[in-house]
Protein chains: 2
Amino acid sequence: MVDVFRALDDETRRLILDGLAERDGQTLFEICTMLTTRHGVGSSRQAISQHLAVLEDAGLVASERRGRTKVHHFNREPLAAIARRWPLTEEKPP
Amino acid sequence: MVDVFRALDDETRRLILDGLAERDGQTLFEICTMLTTRHGVGSSRQAISQHLAVLEDAGLVASERRGRTKVHHFNREPLAAIARRWPLTEEKPP
DNA sequence: TTGACAGGCAAGTGTTCACTTGCCTATAGT
DNA sequence: ACTATAGGCAAGTGAACACTTGCCTGTCAA
């Protein structure tokens, strides 16, 4: 189990989440091309695959196989857990 | 400038934020004793000092000198920036 | 002033992490 | 069947990080 904070401690992984937040359900190659064309990330395909594995292990990304591709979905629940740990406004549940 | 996510990628630093969230304005030694007694953290004083420097450099902690002590305050603004980057609910500003 | 207290600075060490390289598996199209 | 496509596995490398050790600076009380 990878920690959510460690998964977020990488700009490439954060850019991946940005891309999935803009358009959910992208494959590995779509994410690779998006990172290189729009954000200038020059990492290899294997590097992005490892990043996706970290994000998936942290629960931030869920994936499903579609034939020979693998689509990735952004799961915001771990971010909600962070917001719950340090609430921005002091409100108590009734 | 230290990244906020890198500052959060450490359990000891997160426990420091927990302690400051519970009682704000603690000194280095108060934080040290709190970590050892309540969370079983066996790190040295210098280690905690370096952790506080990272948190302060990331903007998560602000400090002020009080005589020979130094009180630390929890600043939640960087956490709000994270919540703004990946909103949990799709709401648009009016 | 002297000693104790609170904290800071800097070098050294072991570990972890991101990335690459090379090879392998499985699915789709012709 | 054969080839190209989409992805996975594993070892190796260089850099960043957490922590320690040792010494130094400034502040309060006696």
Side-chain angles (χ1 to χ4, degrees), chain A residues 1-20 23-37 39-73, chain B residues 1-20 23-37 39-73:
Chain A
M1 252 309 181
V2 173
D3 198 4
V4 183
F5 298 96
R6 176 147 62 203
L8 290 174
D9 179 18
D10 190 279
E11 182 61 25
T12 304
R13 286 197 283 265
R14 288 182 295 240
L15 290 174
I16 291 175
L17 291 184
D18 287 338
L20 289 180
R23 184 165 73 88
D24 202 58
Q26 298 192 49
T27 67
L28 172 61
F29 270 74
E30 288 176 318
I31 294 172
C32 283
T33 56
M34 181 208 95
L35 288 176
T36 53
T37 58
H39 301 99
V41 177
S43 301
S44 65
R45 176 185 58 87
Q46 286 82 353
I48 308 299
S49 178
Q50 288 172 358
H51 281 309
L52 282 170
V54 172
L55 288 170
E56 196 165 352
D57 204 22
L60 283 163
V61 163
S63 66
E64 49 175 343
R65 306 226 66 181
R66 283 262 190 260
R68 62 176 161 178
T69 68
K70 189 179 178 185
V71 289
H72 301 82
H73 301 277
Chain B
M1 252 310 179
V2 172
D3 197 5
V4 183
F5 298 96
R6 177 149 63 207
L8 290 174
D9 180 18
D10 190 279
E11 182 60 25
T12 303
R13 287 197 283 265
R14 289 182 293 238
L15 290 174
I16 290 175
L17 291 185
D18 287 339
L20 289 179
R23 185 166 71 89
D24 202 58
Q26 298 191 49
T27 67
L28 172 62
F29 271 74
E30 288 176 318
I31 295 173
C32 282
T33 56
M34 181 209 98
L35 288 176
T36 53
T37 58
H39 301 99
V41 176
S43 302
S44 65
R45 176 184 57 88
Q46 286 82 353
I48 308 299
S49 178
Q50 289 171 358
H51 281 309
L52 282 170
V54 172
L55 288 170
E56 196 164 353
D57 203 22
L60 283 163
V61 162
S63 67
E64 50 175 342
R65 307 226 67 183
R66 284 260 191 261
R68 64 177 159 177
T69 68
K70 189 178 178 187
V71 289
H72 301 82
H73 301 278

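Letters A, B, ... are given to chains in the order of the sequence lines, protein chains preceding strands, and every chain is numbered from 1.
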Nearest whole angstrom, please: distance from the P of D:dA4 to the CZ of A:Phe29.
-> 15 Å
Starting from the 5' end of DNA chain D, give me the residue, B:Gly42 or A:Leu28, whose nearest nucleotide shows up first.
-> A:Leu28
Has A:Ser49 got a side-chain N or O lying under 4.0 Å from the OP1 or OP2 atom of D:dG8?
-> yes
What about B:Arg45, does its side chain sit under 3.5 Å from the base of C:dG8 through a donor-acceptor pair?
-> yes
Considering all heavy atoms of both residues, which atom of B:Leu20 and which atom of B:His73 are nearest to each other, and what is their separation?
-> CD1-C, 4.4 Å
Is there side-chain contact between A:Glu30 and A:Arg23, with at least one heavy-atom pair below 4.5 Å?
-> yes
Taken to the nearest whole Å, CD/A:Glu64 to P/C:dT27 is 16 Å
Whole-Å distance between D:dC17 P and B:Phe5 CZ?
-> 16 Å
Between A:Gln50 (CD) and C:dT20 (P), how many Å, whole number?
-> 9 Å
Output the single nucleotide from D:dA4, D:dC23, C:dG7 whose closest atom is nearest the side chain of B:Thr27.
-> C:dG7
Out of C:dC5, C:dC17, D:dC23, whichever nucleotide has its closest atom nearest the side chain of A:Arg6 = C:dC17
Student check: side-chain heavy atoms of B:Ile31 and B:Thr27 closer than 4.5 Å = no
Of A:Gly67 and A:Ser43, whose closest DNA chain C nucleotide lies nearer the 5' terminus?
-> A:Ser43
Just checking B:Arg13: base, sugar-phosphate only, or nothing, at a heavy-atom cut-off of under 4.0 Å?
-> sugar-phosphate
Are B:Ser44 and D:dC19 close enough that a side-chain N or O sits under 4.0 Å from OP1 or OP2?
-> no
In whole Å, what is the span from the CG atom of B:Leu52 to the P atom of C:dG7?
-> 10 Å
Phosphate OP1/OP2 of D:dG8 contacted by A:Lys70 side-chain N/O (<4.0 Å) = yes
Return the value, rounded to whole Å, for the distance between atom CD1 of A:Ile31 and atom P of D:dA6.
-> 14 Å
D:dC23, D:dA6, D:dG26: which one has an atom nearest the side-chain heavy atoms of A:Thr69?
-> D:dA6
Determine, for A:Glu11 against B:Arg6, whether the closest basic-nitrogen to carboxylate-oxygen distance falls under 4.0 angstrom.
-> no
Rounded distance (Å) that lies between atom P of C:dT16 and atom CG of A:Asp10 = 18 Å
Whole-Å gap separating C1' (D:dT5) and CZ (A:Arg65) | 12 Å
Can you figure out which of D:dT5, D:dC9, C:dA6 approaches the side chain of A:Gln46 most closely?
-> D:dC9
Go through the steps for A:His72 and A:Glu56 under the test side-chain hydrogen bond (donor to acceptor under 3.5 Å, both in side chains), then give the verdict.
-> CA-CA 9 Å; A:His72 301 82; A:Glu56 196 165 352; 5.0 Å; no
